[in-house]
K.L.:
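Here's a structure for you.
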Amino acid sequence: MLMVLVLKVSAPWASDKVAMPVQLLKIIEGQSEIPLPSHLQKENLEHLQEGCDHTNKYIQGVVTLSYPLTKLRDGTDFFKIVVQDSDNLRSQINSINVLIYGKMAEDCAKIICQGETFIVAGFKVIKLPAAREGGRHDFHLEVSEEAGSAIYIYTKPKTTAASETASVSVAPKYVYTPLNHLKDGTVVNLYGVVKFFKPPYISKGTDYCSIVTLVDPSNVKLTCSLFSGNLDSLPKIYKVGDIVRFHRIKIREYNGQMQGITSGGFASLTFDGTIGAPVVPRTSSRVYTFMDEEQKTVEELRIWAASNISISGSATKLSGVQPMLFFDLTCQLVGKAKVDGSSFLLKVWDGTKCPYPTWKVPVEAKDLEGEKVLLHQLRNLAVDILVYDNHVQLAESLKIGSFLRIYSIHVKQASADNEDVSHMEFHLHGGTCYGRGIGLLPESNPDVKELKEFLESVNLTDSQNMESMCSMDIDSTFGNVTVLTDHQDLSATELKTITNSSAPRQYRIRAKLRTYKPQKLHQSVKLHCSKCNSLQEVPDRDEFDVILHGSASAAPNPELHNTSWYESVTWSTQEQKQREIAIHFVKHDEMLQHPEDTLIMIEGGTLKEIWKLTKRFKCVIPVRSTEDDLELLDLSAPFLLKGNVKYYGCKQCSTPKPMKNLSSIAAEQQPSWEPTEIAQALGIELLQYVFIMKFTLVDETASLNAYLFDHEKFFQIPASEILTNNFLQEKMQMTMNTLCPPGRKLGELPWLECFIKSYNVRGAMENQVYYQIFDTTVAEDVV
DNA sequence: TTAGGTTTGG
């Protein structure tokens, strides 16, 4: 009798789902071949090559020797056998070592006896360091469940003897197929950047399903249907731009296009697609291979994706929702309730306030799960999202307090019969079009970390003060003033009186902010020279990049290295076009200081390198060398980087002085390296970051445009920080939403109090009167 | 098996 055993779990062609590691599939009598899946091809021992994809290949031979089951140092089970190709006994190379790892090793050790016929598919070929001897192969095969190997054993005894030599275990090597080389009917390993995905949802069959569309630098797309009964074994994709590695995905042709589908042994790793983020795989596998080479692949894909994939997406904060649109929300679940059979209520918040009144889904208090006190505290910040149909089951299973990303929420403007003002409704409609669904984010997710930090910073008492400015009862409560001023003694003047008066004068006014410019708040940040009074745009990073490239073409001058006041270090990069970098560390008392106290000057650095250095050192000054001195770069580039801020000098008003002037600051008892002081020493007229905005103010009598020219006082946010700080941008947006809530009629806008002054600007023909807001600060309970 | 990307009802 011939018995055929198939060791499985991850055999790619196995049709059975039983998770038993060893399964008796068939007992065949008098038959010499197992009906192997048609896509498998037999590989001759003589033709083995390292680095090829053997996912669809098998080798067959007789077990001539087996060793006792042992454990490797890391606890992995290890079983080694020698297999001889019985069809080619006269061949020079007819034996090979097969190293079996993990659960498969344990299972094989129980079953395999010498003389049995052994078939393995999905192995890895590893070259041995020593030369071959006596018919032994100079490769060995590595086999494991993780590698997707499958083993077939014929238990019919045959006998041969063979010697064997020790072999060295080498980490397995995978081969990855680019998306433009996929062939129907194969099982491959691949990398890709997520272009589209549906978070896992419960399919109509027995499994979870997740749809993932990948692209890679071949610019070919591949849509994969991934199924698994275990949610954890589907890739943990959180956003478009994430990078995935799939092992053992089956390729099929569907509607004239290649399609990926899970097959036995499918495994995935997911990586954050952000350049510079740690390359840490998200996986449920206990065991996975991940080495320097893989790290490099991920980093390369990140760079490719950065310029080839739009990851702008539709992520929005509640403060930024627009009616009649769809958006993705990262939020925390604070309440949930069953509404009816086909819909379920989720109450969530993200710390920001929706500028529109939002609907409240009526549910009975007893049906609402969540912390009552918190729900009350958050009653004006949390929003109700009604999820339908296929999303209900998943929504029900969510735990209060968990962090979610809800994809493609529909914002619907609606007005009930008994309300004059329309409100916003949030629906997660049934189905999964456009990736509609709910994803559970782990606490380790960087977006969750950021959100948690933000939620903790939200003062719930303050947000209750905003109650008067929000949703339900708009008209009655909007008599309130939301801006504080310094000059409480002045009484308010009507706008008509102001526009009819001559300039210059100062007034206290009470008005509504009908609109403001720019609507994109980051565009309000400019650079101002207090000497020549000029305003300019903040240069973008490309401009800086170009200047850096230009200056890197000249090598640092070694004669300028290591002077009395700085120490220098130089090195060359490994890139194709070698680049020399010099860093000059400014000393204090002839000593180097801690990096966080040190000012450095750098020659030949890239944008990224300089940015990294600013994280570590107190100040960074990009320089280049001339024949006899170091000097600043073109003043279109920042002359100084400190913390998150790039400091610029005025081209008109600056007269750069020798870098050596910095040594006088370095000699101070405790050098503070203040930008103003550095600028002065270097002859730079420091440009100040300012907010420039135009406010259109109205009262019952007239309307006027007043300019806001503000460094920090009005918003209590430094203009210099806003471009690099998301929290502050968020805070500023919320402030503007409070002062000028979008989507409201004039009558529904809040009243503001502020100070304005009028002034004359001489035109060619006549004087023009302008107005500027001054000495005004947004009240703390608004911010 | 399930889905096979392309939104809108409650």
K.L.:
Look at all strands and tell whether A:Asp389 reaches a base, only sugar-phosphate, or nothing, counting heavy atoms closer than 4.0 Å.
P.N.:
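Base: the residue A:Asp389, judged by heavy atoms under 4.0 Å, touches a nucleobase.
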K.L.:
Between A:Asp272 and A:Arg302, does at least one N-O distance fall below 4.0 Å, as a salt bridge requires?
P.N.:
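No, no charged N to carboxylate O under 4.0 Å.
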K.L.:
With rounding to the nearest 0.5 angstrom, report the CD to CG distance, A:Gln257 to A:Asp184.
P.N.:
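If we round to the nearest 0.5 Å, A:Gln257:CD and A:Asp184:CG are 13.0 Å apart.
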K.L.:
Is there a salt bridge (charged side-chain N to carboxylate O under 4.0 Å, His left out) between A:Lys452 and A:Glu443 once you walk through the steps?
P.N.:
CA-CA 9 Å; A:Lys452 270 177 90 169; A:Glu443 306 246 339; 2.5 Å; yes
K.L.:
Quick test of your reading of the model: are A:Lys57 and A:Asp53 salt-bridged, counting only N-O distances below 4.0 Å?
P.N.:
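Here A:Lys57 does not pair with A:Asp53 in a salt bridge, since their nearest N and O are not under 4.0 Å apart.
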K.L.:
Within the pair A:Lys221 and B:dG5, is there a side-chain N or O less than 4.0 Å away from OP1 or OP2?
P.N.:
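Result: no.
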K.L.:
Nearest-nucleotide wise, let me know which of A:Arg252 and A:Tyr388 is further upstream toward the 5' end of DNA chain B.
P.N.:
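Comparing both residues, the 5'-ward one is A:Arg252.
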K.L.:
Find the distance A:His429:NE2 to B:dG10:C1' and express it as a whole number of Å.
P.N.:
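Answer to the nearest Å: 8 Å.
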K.L.:
Which part of the nucleic acid, if any, lies within reach of A:Thr213 when heavy atoms closer than 4.0 Å are counted: base, sugar-phosphate only, or nothing?
P.N.:
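Base contact.
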K.L.:
So how far is it from A:Asp340 CG to A:Tyr388 OH, rounded to the nearest 0.5 Å?
P.N.:
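That separation rounds to 8.5 Å.
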K.L.:
Name every residue in residues 430-440 of chain A that has at least one heavy atom under 4.0 Å from any atom of DNA chain B, in order of residue number, or write none if there are no such residues.
P.N.:
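Per residue number, the list reads A:Gly430, A:Cys433, A:Tyr434, A:Arg436.
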K.L.:
May I ask you to say whether A:Arg282 pairs ionically with A:Asp242, meaning some side-chain N is under 4.0 Å from a carboxylate O?
P.N.:
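Looking at A:Arg282 and A:Asp242, the cut-off is met.
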K.L.:
I need the CH2-P distance between A:Trp359 and B:dG9, as an integer number of Å.
P.N.:
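About 13 Å, once rounded to whole Å.
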K.L.:
If you check the A:Ile211 side chain, which of B:dT1, B:dG4, B:dG9 turns out closest?
P.N.:
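The listed nucleotide nearest to A:Ile211's side chain is B:dG4.
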K.L.:
B:dG9 and B:dG5: how far apart are their P atoms, nearest whole angstrom?
P.N.:
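Approximately 23 Å lies between the P atom of B:dG9 and that of B:dG5.
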K.L.:
Nearest-Å distance, NZ (A:Lys250) to P (B:dG4)?
P.N.:
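Result: 19 Å.
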K.L.:
Taking the cut-offs as 6.0 angstrom to the six-membered ring centre and 45 degrees off its axis, would you call A:Lys124 and A:Tyr174 a cation-pi pair?
P.N.:
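Positive - A:Lys124 is close enough to the ring of A:Tyr174 and near enough to its axis.
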K.L.:
When you get a sec, tell me which of B:dG5, B:dT2, B:dT7 is the closest nucleotide to the side chain of A:Thr206?
P.N.:
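Given the options B:dG5, B:dT2, B:dT7, the side chain of A:Thr206 is closest to B:dT2.
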K.L.:
Taking atom C1' of B:dA3 as reference, at what distance in whole Å does atom CD1 of A:Ile249 sit?
P.N.:
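That distance rounds to 13 Å.
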K.L.:
On the nucleotide B:dG10, are OP1 or OP2 found under 4.0 Å from the side-chain N or O atoms that A:Lys412 carries?
P.N.:
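Answer is yes, contact under 4.0 Å.
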K.L.:
Stacking between A:Phe227 and B:dT2, defined as ring centres under 5.5 angstrom apart with planes under 30°, is that present or not?
P.N.:
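By the stated criterion, A:Phe227 and B:dT2 stack.
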K.L.:
Report the distance from atom NE2 of A:His410 to atom P of B:dT6, rounded to the nearest whole Å.
P.N.:
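Atom NE2 in A:His410 sits about 17 Å away from atom P in B:dT6.
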K.L.:
In this structure, how many angstroms lie between the C1' atom of B:dT2 and the CD atom of A:Gln259, rounded?
P.N.:
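One finds 12 Å between C1' of B:dT2 and CD of A:Gln259, rounded.
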K.L.:
Between P on B:dT2 and CG on A:Asn230, what's the gap in Å once rounded to a whole number?
P.N.:
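In whole Å, B:dT2 P lies 21 Å from A:Asn230 CG.
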K.L.:
Determine the contact category for A:Tyr407: base if any of its heavy atoms lies under 4.0 Å from a base atom, sugar-phosphate if only primed atoms, P, OP1 or OP2 are that close, otherwise nothing.
P.N.:
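A:Tyr407: no heavy atom of the nucleic acid under 4.0 Å.
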K.L.:
Scan A:Leu226 against the nucleic acid and name what it touches under 4.0 Å (heavy atoms): base, sugar-phosphate only, or nothing.
P.N.:
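Nothing: the residue A:Leu226, judged by heavy atoms under 4.0 Å, touches no strand.
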K.L.:
From the list B:dG4, B:dG5, B:dT2, which nucleotide is the closest neighbour of the side chain of A:Lys195?
P.N.:
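My answer, after comparing the listed nucleotides, is B:dG5.
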K.L.:
For residues A:Leu231 and A:Pro200, report the shortest heavy-atom separation together with the two atoms involved.
P.N.:
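For A:Leu231 versus A:Pro200, the nearest heavy atoms are CD1-CB, 3.5 Å.
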K.L.:
When the distance from NZ of A:Lys198 to C1' of B:dG4 is rounded to whole Å, what number comes out?
P.N.:
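Going from NZ in A:Lys198 over to C1' in B:dG4 covers 9 Å.
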K.L.:
Rounding to an integer number of angstrom, what distance separates B:dG4 and B:dT8 when you compare their P atoms?
P.N.:
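After rounding to an integer number of Å, I get 14 Å for this pair.
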